Student: 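Have a look at the structure that comes next, please.
So that the names make sense, note that chain A is the first sequence line, chain B the second, and so on, each numbered from 1. Just so it is clear, the model here is predicted, and its values are computed rather than measured.
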Protein chains: 2
Amino acid sequence: MQASIELLDAEGEDGLTVRALTAHLSTGRGAIYHHVAGKDDLLAAGTDAVIAEVITAAGGDQDPSQALRALALGIFDAIDAHPWVGAQLARQPQPAIFRLWTGIGTLLGDLGVAEPDLPTAGSALVSYVLGASAQYAAGARRAADGEDREAHLQQLAEQWAGDEANPAPGDTAALLVEHDDRDQFLAGVDIFLAGIAAQM
Amino acid sequence: MQASIELLDAEGEDGLTVRALTAHLSTGRGAIYHHVAGKDDLLAAGTDAVIAEVITAAGGDQDPSQALRALALGIFDAIDAHPWVGAQLARQPQPAIFRLWTGIGTLLGDLGVAEPDLPTAGSALVSYVLGASAQYAAGARRAADGEDREAHLQQLAEQWAGDEANPAPGDTAALLVEHDDRDQFLAGVDIFLAGIAAQM
DNA sequence: ACCTGAACACCGTTCAAGT
DNA sequence: ACCTGAACACCGTTCAAGT
């Protein structure tokens, strides 16, 4: 398990091959099939391990509102460090997501959200956290892949400016470039908490 | 392009193979490489085609708040119909996402959100829409895969109830089972809009 | 310019044979 | 019970040869 997480981090999603893994563990290609159902199982188990660690680690805070932010940021940082986790979570619902949902639900309850609203508020916040983390991680990975981030965003903006059906305001590219992913992510969490407070 | 979208819808993400596609088009395996960079390009272009169609189709509504809901629901339904789109969007930022972001930004502006807040509010809403759609689509696909949905959720709940570090309230499983995905998705959009109204 | 399809370098998974 | 590694049935991509 640890070996496959290392492989995924180092080589990306395509780097996890049965051959590479069994070579790293210096065993035969067929050996892992005695411990795991197949490659998919490996990816799922690795994803759950990463998310589960974040959930258990983020238990320290007293203030529920701060605890929610800390938990959300923990997921964000984990997916930033392991981008394959973001892709996997969009592909397959996993046990760890269920634990994240209940953990967030409990904190929202501590915050004063009424019991009948907890499932809706909780799953909306979970969806935001996972969606935003995956989105930022994918963007960051692309930027790190040798592409110049600013040039890429500029190109995106120009490409879209050329789309006549949907013309762009002049400063769109600048707005795209000038922001900090982590701050913007947290601002989204706050929008959510404000909406829940206002409406539930 | 149309052929590969059909293949992806019918056979899933793994069903799009160069061999199946070229057989369907009754041409040689190497022929597509004269029109497209490779398989990844095919998946990216198909994803952009699906999203772009939703964006151009959802232009009818006058009230910006209703237009936002219609656009969000359009993305939700598209990803529900083409689940591979959800997975692809979590893996790679795409031009169509940029257009979605600006489209949502414009509508948020019409709704009265101040210009400096538009990028943050817009990307938060985009992240929610994409994350939630992918999540629900993945869950629905799993349920359709012959698994009994209720039994599966029940099992998830029991599995988690056995986790001693994080005990569950008794009715968690029931709450999981009794909801409509589409309604819950829209409730999340409304939480967002309420949060933006309250805070920006 | 575009297509063909054999060839190449990979995959995940299985399974008889070993320990 | 667990491991080995050859074998099998696939992949995506390339490229000399054709039209």
Student: Please output the side-chain donor-acceptor pairs of residues 124-138 of chain A that fall under 3.5 Å, not counting sequence neighbours, one pair per line with the distance.
Tutor:
from    : atom 1 : to      : atom 2 : distance (Å)
S127(A) : OG     : S123(A) : O      : 3.0
Y128(A) : OH     : F185(A) : O      : 2.8
S133(A) : OG     : V129(A) : O      : 2.7
Y136(A) : OH     : Q184(A) : OE1    : 3.2

Student: Is the side chain of Q94(B) donor-acceptor paired with the backbone N or O of T47(B) at a distance under 3.5 Å, no angle test?
Tutor: no

Student: Tell me, please, which residues at least two apart from E11(B) pass side chain to side chain donor-acceptor pair (under 3.5 Å).
Tutor: none

Student: For DNA chain C, produce a single dot-bracket line, 5' to 3'. Pairs: Watson-Crick or G-U wobble, both distances under 3.5 Å. Symbols: ( ) within strand, [ ] crossing, | other strand, . unpaired.
Tutor: ||.|||||...|||||.||

Student: Does S26(A) or T17(B) map to a spot on DNA chain D nearer the 5' end, using the closest nucleotide for each?
Tutor: S26(A)

Student: Mind checking side chain to side chain donor-acceptor pair (under 3.5 Å) for D80(B) and listing every partner two or more places apart, or none if nothing turns up?
Tutor: none

Student: Would you tabulate the side-chain donor-acceptor contacts of residues 22-32 of chain B under 3.5 Å, counting partners in other chains and residues two or more places apart, or write 'none'?
Tutor:
from   : atom 1 : to     : atom 2 : distance (Å)
T22(B) : OG1    : V18(B) : O      : 2.8
T22(B) : OG1    : R19(B) : O      : 3.1

Student: With sequence neighbours excluded, tell me which residues meet side-chain contact (heavy atoms from CB on, under 4.5 Å) with A114(A).
Tutor: P116(A), D117(A)

Student: Sequence neighbours left out, cut at 3.5 Å: what donor-acceptor pairs do the side chains of residues 68-75 of chain B make with other protein atoms?
Tutor:
from   : atom 1 : to      : atom 2 : distance (Å)
R69(B) : NE     : D190(B) : OD1    : 2.7
R69(B) : NH1    : S65(B)  : O      : 3.4
R69(B) : NH1    : S65(B)  : OG     : 2.5
R69(B) : NH2    : D190(B) : OD1    : 2.7

Student: Counting the atoms with a prime plus P, OP1 and OP2 as sugar-phosphate, which does L16(B) contact under 4.0 Å by heavy atoms, base, sugar-phosphate, or nothing?
Tutor: sugar-phosphate

Student: Name all pairs fulfilling the salt bridge (charged side-chain N to carboxylate O under 4.0 Å, His left out) condition that reach into residues 48-57 of chain B, sequence neighbours left out, sorted by first residue then second.
Tutor: none

Student: Going by the rule side chain to side chain donor-acceptor pair (under 3.5 Å), which residues pair with Q66(B) if we only count those two or more places apart in sequence or in a different chain?
Tutor: none

Student: Output all residues satisfying side chain to side chain donor-acceptor pair (under 3.5 Å) with Q2(B), sequence neighbours left out; order by chain, then residue number.
Tutor: E6(B)

Student: Tell me which residues in residues 28-35 of chain A put a heavy atom below 4.0 Å from DNA chain C, sorted by number, or none.
Tutor: G30(A), Y33(A)

Student: Using a heavy-atom cut-off of 4.0 Å to chain B, what are the terminal contacting nucleotides of DNA chain D, in 5' to 3' order?
Tutor: dC11(D) to dT14(D)

Student: So which one's nearest nucleotide on DNA chain C is more toward 5', T27(B) or K39(A)?
Tutor: T27(B)

